[in-house]
**Q** 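I have a structure here, written as structure tokens, and I will follow up with some questions on it.
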There are 2 protein chains.
Amino acid sequence: MAKSGPRGQSTDAEQSRSADTRAALVLAAIGALREVGFSRASAREIARRAGCNQALVFYHYGSVTGLLLAALDEVSERRLATYRGLVGRADSLTKLVESARAIFAEDLAAGHVSVLIEMITAAQSDAGLGDQVGARLAPWRDLAESAVREALAGSPLAAMLPAREVAHGIVAGFLGLELLANLDRDASRALALFDRARMLASLLDLTGGLGLLPRTE
Amino acid sequence: MAKSGPRGQSTDAEQSRSADTRAALVLAAIGALREVGFSRASAREIARRAGCNQALVFYHYGSVTGLLLAALDEVSERRLATYRGLVGRADSLTKLVESARAIFAEDLAAGHVSVLIEMITAAQSDAGLGDQVGARLAPWRDLAESAVREALAGSPLAAMLPAREVAHGIVAGFLGLELLANLDRDASRALALFDRARMLASLLDLTGGLGLLPRTE
DNA sequence: GTCTATACTTGGATAGAC
DNA sequence: GTCTATCCAAGTATAGAC
């Protein structure tokens with residue numbers, strides 16, 4: 001962990017209480033980002049949710065932004081741990097799309113990607129934050145890339161669909177679909193799209209790629 | 001236009017000056033959304049950019065949010081006018097992807113989609129704003145839909161790719177790619193993806209759809 | 001219509017008691 | 001480590017002079 005408290009010395013009981021406070025603040029920060037957004041995720045708002053004092057945000061994390069980045073770390077780690085297993089088993093395009101659909105639905109319900117999007121958007125107008133958020137996005141991109149690589153292994157499509165490029169598109173697609181689903185308060189359009197993609201994927205899996213069917217005209 | 005000023009009576013000169021002020025405020029609001037984001041797009045920040053007094057924001061638009069919505073309207077209208085012509089001429093998947101790439105590049109440079117994303121994100125934590133932003137997003141979705149419809153007209157792919165669903169995916173993809181390109185301060189990944197899509201599109205255009213090529217194993 | 005001045009609120013951050 | 005108290009900066013919004 002990057003942060004272990006501003007001071008070095010403390011008893012076991014104090015350490016434990018400190019750890020509890022820090023955990024509560026991080027959870028509260030995640031909730032605040034999801035429910036009221038970056039612009040209203042103030043130290044006071046977060047402390048109220050955590051049931052502690054506003055000053056502790058600065059004591060433990062130095063600044064509100066510091067705490068919000070810790071919240072993004074937490075979400076990122078939890079999510080990667082859960083999903084690595086899921087996509088590790090996808091050895092075809094069809095299964096990859098099925099995994100993607102499941103992940104999208106769970107993310108939307110849990111609000112994971114909302115947290116990420118809030119931070120990405122906030123970073124647009126703050127170069128320093130941009131680098132930090134970008135670094136925390138890398139593992140998600142890597143996960144998508146290895147999933148694509150695995151799903152395309154041995155398929156003639158691999159030559160036409162470089163994993164890095166496709167992974168970038170997948171991450172972008174997730175972000176955009178989440179943005180729209182939250183705005184509409186309706187995920188059905190996104191889910192329908194996943195279903196459609198699944199159909200096409202199984203077609204590609206069966207035929208082994210794009211065939212060169214002669215025109216029928 | 002929805003707003004014509006809080007009062008009814010004024011001389012021509014006053015109307016003209018008022019219109020100038022309103023236009024300056026809208027332009028300044030667009031710039032503020034792009035450069036410092038929703039959370040810092042305050043009445044004072046916008047008025048400073050417009051070279052006028054902070055109180056005029058409230059006089060002309062009632063609230064900061066009212067002005068920001070007017071800014072979104074302006075961007076939406078300008079953008080639609082420009083791009084309707086572009087996609088109207090796309091009668092194949094290849095040309096559709098080419099149009100999409102051109103639009104993406106221009107949007108990114110001009111910051112149009114940044115404005116939209118700022119408002120969408122802000123709307124996540126404000127239900128009232130959500131409806132207003134959603135309504136302003138509809139024309140963009142419609143534009144994408146009619147473009148897809150036109151590009152697929154007469155193609156066997158049309159049956160497999162319903163225009164409404166695909167359009168939703170396209171809008172989501174634009175938003176996500178823009179989000180990532182701004183974060184990375186680098187559009188090359190997105191542009192590479194468009195190039196890849198163009199290649200696949202021309203393949204589909206040539207073969208007339210997904211062929212059922214027998215497996216070679 | 002536009003300005004100045006101001007009332008009121010909220011937020012970041014720190015000092016110092018406990 | 002945690003709290004109370006406080007300072008200061010910035011924001012929304014309105015009243016009233018010009």
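Order of the sequence lines sets the chain letters (A, B, ...), proteins ahead of strands, with each chain counted from 1. Treat the numbers as computed from the prediction; the structure is a model and nothing was measured.
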**Q** Counting neighbours of CZ on B:Arg136 that are heavy atoms of other residues, nucleotides or ligands and sit closer than 6.0 Å, is the number greater than 12?
**A** yes
**Q** Which whole-number value in Å describes the distance from A:Glu45 CD to C:dG12 P?
**A** 10 Å
**Q** Would you classify A:Val64 as touching base, sugar-phosphate or nothing, given that sugar-phosphate means primed atoms plus P, OP1 and OP2, and contacts are heavy atoms under 4.0 Å?
**A** sugar-phosphate
**Q** Students often get this wrong, so: under 4.0 angstrom with heavy atoms, is B:Ala43 touching a base, only sugar-phosphate, or nothing?
**A** sugar-phosphate
**Q** Take the protein atom CG of A:Asn53 and the nucleotide atom P of C:dA17, then report the distance between them rounded to whole Å.
**A** 17 Å
**Q** I need the CG-C1' distance between A:Leu25 and D:dG1, as an integer number of Å.
**A** 12 Å
**Q** Using the side-chain heavy atoms of A:Tyr59, tell me which of these nucleotides is nearest: C:dC3, D:dA13, D:dT2.
**A** D:dT2
**Q** Checking contacts here: which listed nucleotide (D:dT6, D:dT2, C:dT2) is nearest the side-chain heavy atoms of B:Thr21?
**A** C:dT2
**Q** When you compare the side chain of B:Leu69 with that of B:Met119, does any pair of heavy atoms fall below 4.5 Å?
**A** yes
**Q** Look at the side chain of A:Gln54 and decide which nucleotide, out of C:dA13, C:dA15, C:dG12, has an atom nearest to it.
**A** C:dA13
**Q** Give the nucleotide from the list D:dG1, C:dT4, D:dA13 with an atom nearest to the side chain of B:Phe58.
**A** D:dA13
**Q** Taking the side chain of A:Arg44 as its heavy atoms from C-beta onward, which of D:dA13, C:dA15, D:dT6 lies nearest to it?
**A** D:dT6
**Q** Please collect all ring-ring contact (aromatic ring centres under 6.0 Å, His included) contacts where either partner lies in residues 30-56 of chain B, sequence neighbours excluded, each pair once.
**A** none
**Q** Please list all pairs passing the ring-ring contact (aromatic ring centres under 6.0 Å, His included) test where one or both residues lie in residues 72-107 of chain A, with sequence neighbours left out.
**A** A:Phe104-A:Phe194
**Q** When you look at CZ of B:Arg196, are more than 12 heavy atoms from neighbouring residues, nucleotides or ligands closer to it than 6.0 Å?
**A** yes
**Q** Side-chain contact, heavy-atom cut-off 4.5 Å: B:His112 with B:Ile103?
**A** no
**Q** Using a heavy-atom distance cut-off of less than 4.0 Å, which residues of residues 28-42 of chain B contact DNA chain C?
**A** none
**Q** What is the separation between atom CG on A:Leu56 and atom P on D:dT4, rounded to the nearest whole Å?
**A** 10 Å
**Q** Write down the distance between CG (B:Asp20) and C1' (C:dT2), rounded to a whole number of angstrom.
**A** 13 Å
**Q** Given C:dT2, C:dA13, D:dT14, which nucleotide is nearest the side-chain atoms of B:His60?
**A** C:dT2
**Q** Tell me whether A:Arg22 forms a cation-pi arrangement with A:Tyr61, defined as NZ or CZ under 6.0 Å from the six-membered ring centre and within 45 degrees of its axis.
**A** yes
